[in-house]
There are 2 protein chains.
Amino acid sequence: MSGTSDLWEPPEIQVAVDIVILTMRASVFHVLLIERGEEPQAGTQALPGGFLNNKWEGIYDAALRELKEEADLDASGLHVEQLAAYGEPGRDPRGRVLSVAYMAIAPGLPEPSAGTDASDAAWVPVEDVLSGKVSLAFDHRQIVRDAVERARSKLERTSLALAFCGRTFTLTELQHVYEGVWGCSLDPRNFYRKVQNIPGFVEPAGSVRRMAAGRPARLFRAGGGTVLYPPMVRPVPTES
Amino acid sequence: MSGTSDLWEPPEIQVAVDIVILTMRASVFHVLLIERGEEPQAGTQALPGGFLNNKWEGIYDAALRELKEEADLDASGLHVEQLAAYGEPGRDPRGRVLSVAYMAIAPGLPEPSAGTDASDAAWVPVEDVLSGKVSLAFDHRQIVRDAVERARSKLERTSLALAFCGRTFTLTELQHVYEGVWGCSLDPRNFYRKVQNIPGFVEPAGSVRRMAAGRPARLFRAGGGTVLYPPMVRPVPTES
DNA sequence: GCCCTCTCTTGTAGATCTGACAAGAATGAT
DNA sequence: ATCATTCTTGTCAGATCTACAAGAGAGGGC
């Protein structure tokens with residue numbers, strides 16, 4: 001279109017992936033951050049990620065590889081979905097870099113995530129990132145914001161909340177997921193009823209589990225459905 | 001990480017943008033397609049799009065440029081948002097191409113979109129694309145599917161539906177947007193009441209408009225709010 | 001003019017859902 | 001045994017949704 005001749009070749013750009021790994025630890029919503037070891041911004045907290053290994057590596061494959069290399073998490077059993085591409089010029093001082101962000105949901109505390117190859121990895125409360133108490137490299141705070149908003153939204157109409165839980169879970173655990181991600185508190189009794197009234201969301205697993213004190217909770221497993229109808233509606237978003 | 005020396009340089013990849021332009025024409029949900037003039041897949045229908053002009057062009061800027069070049073649409077007044085990145089190897093026979101897809105919402109029939117520079121452009125019913133009646137180049141059908149799903153979902157909780165309408169509109173027009181995008185029919189009387197009960201969604205514009213026959217409809221304009229609460233819930237998604 | 005048709009708008013009644021809370025059930029701690 | 005704790009079941013008033021009746025305002029045919 002620009003009148004250049006047949007010889008024109010499209011520009012080529014460095015492509016990276018970044019991963020927002022979300023989980024629930026002790027009923028608090030956490031994101032995994034690593035401390036950058038290299039310039040630029042060495043020492044700052046950042047999302048795990050990196051450049052494609054070679055010109056033919058798939059971006060989804062690259063995300064899974066970084067998940068393993070930097071967070072020592074196995075992709076199987078994790079929910080991984082693409083978020084968006086962040087590629088405005090100027091976002092990376094090294095040059096023109098287009099980064100494809102992924103969101104991964106991990107079930108509760110499988111490992112402390114340190115002591116492995118990913119020694120600089122740490123779970124940080126999402127709230128600390130959103131509020132700016134912890135500052136992140138590049139535009140990673142915006143990426144986390146987008147991931148959190150995506151998760152909040154998908155909790156309403158899909159069974160994404162189950163990805164935060166293990167194979168079996170109690171409804172109280174599930175409630176803590178909703179409360180942690182949405183940043184609100186819900187009535188346990190109404191939550192109990194509502195969740196069980198959504199066909200295909202959860203089904204009883206027969207057993208019970210003791211948590212701390214009190215009556216043991218029944219265990220549930222995923223009901224197989226992925227879309228929730230009726231949806232779980234979160235309480236009024238921004239109060240006047 | 002891979003043990004290669006300091007000399008390692010990340011691979012570089014061609015980056016393109018593709019745009020899913022959605023609109024409502026005669027109460028039918030349409031997407032803009034162009035006929036490819038060049039190989040590969042010359043003659044096939046495809047989404048408007050193309051490579052970045054140069055290494056420093058922003059991807060959002062590139063999307064707006066393609067919108068102008070290929071669809072002759074001005075970005076001002078259009079809702080444009082990023083969808084996702086499509087970059088698995090093998091999606092383009094020319095080589096490794098990563099394409100960032102955008103979704104644009106255009107208000108009703110501003111022009112027939114032909115007779116301009118974008119002479120090969122045509123509005124095609126979304127249903128024909130989703131059903132496979134019209135086949136698209138590359139993975140563009142998947143991109144359209146994702147765009148439609150995004151639009152369907154955002155209609156519930158955001159005022160995105162207004163982007164399909166002009167500055168003023170009747171509630172029946174708005175209803176046709178919901179019906180067309182969701183692919184269902186709604187009760188006009190309940191729709192009327194529900195829309196007006198959502199604070200900040202629409203506000204009366206004072207005037208009235210004759211459509212064809214029957215009582216003239218009151219005109220409304222956007223109410224300024226972007227998030228709908230309570231949400232517009234679409235009827236049962238997949239019937240059993 | 002007068003009726004008819006068409007579409008927009010308001011109203012109403014029953015079913016359903018929500019939100020707040022009481023109270024019973026099952027365990028561990030004292 | 002009693003208490004504290006947590007899970008689970010009920011209840012009930014108010015809000016919301018759905019389906020439908022009916023009125024309001026315009027044009028067209030006779």
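Letters go in sequence order (proteins before strands), and every chain restarts at 1.
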Original post:
Quick check: are there more than 12 heavy atoms from other residues, nucleotides or ligands sitting under 6.0 Å from CZ of Arg209(B)?
Top reply: yes
Subject >> Asp187(B) side chain to Asn190(B) backbone, donor-acceptor under 3.5 Å >> reply: yes
Original post:
Closest approach of Ala104(B) and Leu78(B), non-hydrogen atoms and distance?
Top reply: CB-CD2, 4.3 Å
Original post:
What heavy-atom pair brings Val17(A) and Ile59(A) nearest, and what distance separates the two atoms?
Top reply: CG1-O, 3.7 Å
Rounding to an integer number of Å, can you tell me how far [X] [atom1] sits from [N] [atom2]?
X	N	atom1	atom2	answer
Leu186(B)	dC20(D)	CG	C1'	16 Å
Lys194(B)	dT16(D)	NZ	P	12 Å
Gln196(B)	dG11(C)	CD	P	11 Å
Phe169(A)	dC7(D)	CZ	C1'	16 Å
Leu219(A)	dC7(D)	CG	P	12 Å
Phe191(B)	dC20(D)	CZ	C1'	19 Å
Glu173(B)	dT7(C)	CD	P	15 Å
Met232(B)	dT16(D)	CE	P	15 Å

**OP:** Measure the CZ-CG distance between Phe201(B) and Leu162(B) for me, rounded to the nearest 0.5 Å.
**Re:** 4.5 Å
Subject >> Side-chain N,O (Tyr192(A)) to OP1/OP2 (dT9(D)) below 4.0 Å >> reply: yes
Subject >> Polar contact flag, side-chain donor to acceptor under 3.5 angstrom, Tyr86(B)-Asp146(B) >> reply: yes
**OP:** With heavy atoms under 4.0 Å as the rule, sort Thr172(A) into base, sugar-phosphate or nothing.
**Re:** sugar-phosphate
Original post:
Quick one: what's the B/S/- string for nucleotides 21-30 of chain C, heavy-atom cutoff under 4.0 Å, read 5' to 3'?
Top reply: BB-BBBBS--
